Amino acid sequence: MNSVSAEPGISEPYLLGFLTSVGLDVEYTRAEGNTLFFRGDDGEEVPVLDAAGGYGSLIFGHNHPELVARARRLLDEGAPVNAQFSRNSCAQEVAALLSGIVRRETGSSEAYAAIFANSGAEAIEAAVKHAELDRVLQVQALVAELAEHTAAARAAVEAGEAVLPAGGHEDFEALVEEVSRANAEVGARPPVFLTLEGSFHGKLVGSVQLTHNAAYRTPFTALANRARFVPLDRPGAVGEIIAEESAALRDIVVRDGVVTVVERPFPLVAAFLLEPIQGEGGIVPLTREFATAVRRECDAAGIPVVIDEIQSGMGRTGAFLASSLIGLRGDYYVLAKSLGGGLAKTSAMLVRSGRYRNEFELVHSSTFAKDGFSTPIALKVLEMLEADGGRAYGLARERGARLAEALEGVRADFPDVVKEVRGKGLMLGLEFHDQSESSSEVVRDGARSGLLGYTLSGYLLREHRVRTFPTASAGNTLRFAPSIHLTDGEIERLADALRAVASVLRDQDEKRLTGG
Ligand code: F0G
């Protein structure tokens, strides 16, 4: 009988082929701090400097001893991991800490309620669902109010206390019919979500429609609601697009004894989602000017702002929230990645209490969200961030500045190859100049297909034992999201490796690049 285990692997075989083709198909066997290890042909461990930092999920590095000890204790003590629908004081503590930190950083007078989830995209979808529930409940209240006004106007007309305007409808019911028809049309319009060009909010059915990359998004457009992408380079576009997406319901009221139809704003835009520093889109920080425009226009239109801090949050930029550094306050915040300390999968969606709808708790849940393993780990992560007066935030700032300085040094040495260094704290990117006219076929083809960044990553891993990736939607930009424990030596190693890759590009040396 054939053994089942003899089957060839079928987990994403295409992707594995791609990793092999660029030399990234390394199997790591151990991880510690900013280092991943694999076993070489001689069986010896080979250390790799991990600048990709688990896509930004490792603010304290791989397997931080304090987090590992916490995880171990949970298992040793037989902590209940899956005891859904019971009192969960640890989740309350995490929620209270998150709310307190957000209030401290933003100066908000309101508390934030927390809904837990398992991944970044899932928490984004929870925020989207909550915003839509809020919108639907607002519409219901508005429709009920309009019905009351209509009834009151009808009673006034019947009592002879109000008249129809001259030259208008012949009778009151004809007016009601026309208004109802118009209102039904507006009411049937699906919600619109606003987000930014270059955004990345996940790849699930709903969240992928808020992700700008057309390759990820367009095959699935029919599955979810409409999003509109606001250009990042023009703050004035925020107000223009909100104006284009505005709608109104007609309200029949009595004014000075005359039946009058007035317009009431209809909430068509359910939310405005944004990343304070676009991650996957190329490490692009939002300007204070743009953030101010978003807040102003959304406030004027009553649209909630959902700040996706999945990649930029949890202290990575030197503050808990990157948005707080540009003075942007959110009605919602979404956190994931480092919230799980690199050991657990967890995420949270926070809603300002003035916007929070208790009803949401009855219509949204997951078997695994808020479980007894990830929540205590998240609590420990938050305690570690906040310890010693927020020493971790200071480290992110200081180490980030040091790393940025080193990357700027590479750019200064290779201004013909390196275009720009961007980002804040330990969320940094280095963009190369376009290579699509390169004299090297490998480099040129790579640049034209958008995959050159992966070839460069393969070179860095093979020749320099440094792990980094391009940002997926901006293939010329390499991303760096190491832990706050990044050493000067590691920074130097990374800069040396980047100098080597820059010199390969300067020389258009495809032999060195591919090891051929
Ligand atoms: N939002 C942002 C800003 C992200 O960077 C990511 C993931 C998500 C949402 C989705 O989170 O993967 O847990 O479902 N970013 C990854 C990256 C893919 O490339 O850093 P998820």
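This structure is a prediction, so every number in the text was calculated from the model and none was measured. For the single chain, residues carry numbers from 1 onward in sequence order. Read the numbers this way: they start at 1 and go in the same order the structure lists the ligands and their atoms.
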Is the gap between the ring centers of Phe193 and Phe272 under 6.0 Å?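 Centroid separation for Phe193 and Phe272: 6.0 Å or greater.
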Under 4.0 Å to a heavy atom of Glu275 - the qualifying atoms of ligand 1, by number: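 Answer for ligand 1: 3 (C).
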If the cut-off is 4.0 Å to any non-hydrogen atom of Ala121, which atoms of ligand 1 fall inside it?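 Counting from 1, the qualifying ligand atoms are 10 (C), 11 (O), 14 (O), 21 (P).
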Nearest to atom 21 (P) of ligand 1 by heavy atom, Gly120, Gly53, Gly202: which?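 Selected option, by shortest heavy-atom distance: Gly120.
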Select the closest option to atom 16 (C) of ligand 1 among Lys337, Glu280, Lys345, judged by heavy-atom distance.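 It is Lys337 whose heavy atom sits nearest to atom 16 (C) of ligand 1.
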Got more than 12 heavy atoms from elsewhere within 6.0 Å of CZ, Arg30?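 Yes, enclosed.
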Over 12 non-hydrogen atoms of neighbours within 6.0 angstrom of CZ in Phe368: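 No, because the 6.0 Å sphere around CZ of Phe368 holds 12 heavy atoms or fewer from other groups.
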Might you work through the salt bridge (charged side-chain N to carboxylate O under 4.0 Å, His left out) test for Glu240 and Arg234, ending with a clear yes or no? CA-CA 10 Å; Glu240 288 164 23; Arg234 213 164 52 81; 3.2 Å; yes
Return yes when at least one protein heavy atom is under 4.0 Å from atom 12 (O) of ligand 1, and no when none is.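 It does not; no protein heavy atom is within 4.0 Å.
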Does an N or O anywhere in Asp308 fall below 3.5 Å from an N or O of ligand 1?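 Yes, there is a polar N/O contact under 3.5 Å.
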Full working for ring pair (Phe, Tyr, Trp, His ring centres under 6.0 Å) between Tyr112 and Tyr356: CA-CA 8 Å; Tyr112 281 76; Tyr356 185 62; over 10 Å; no
Taking atom 9 (C) of ligand 1 as the reference point, the nearest protein heavy atom with its distance: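 Among all protein heavy atoms, the one nearest atom 9 (C) of ligand 1 is Ile310 CD1, 3.3 Å.
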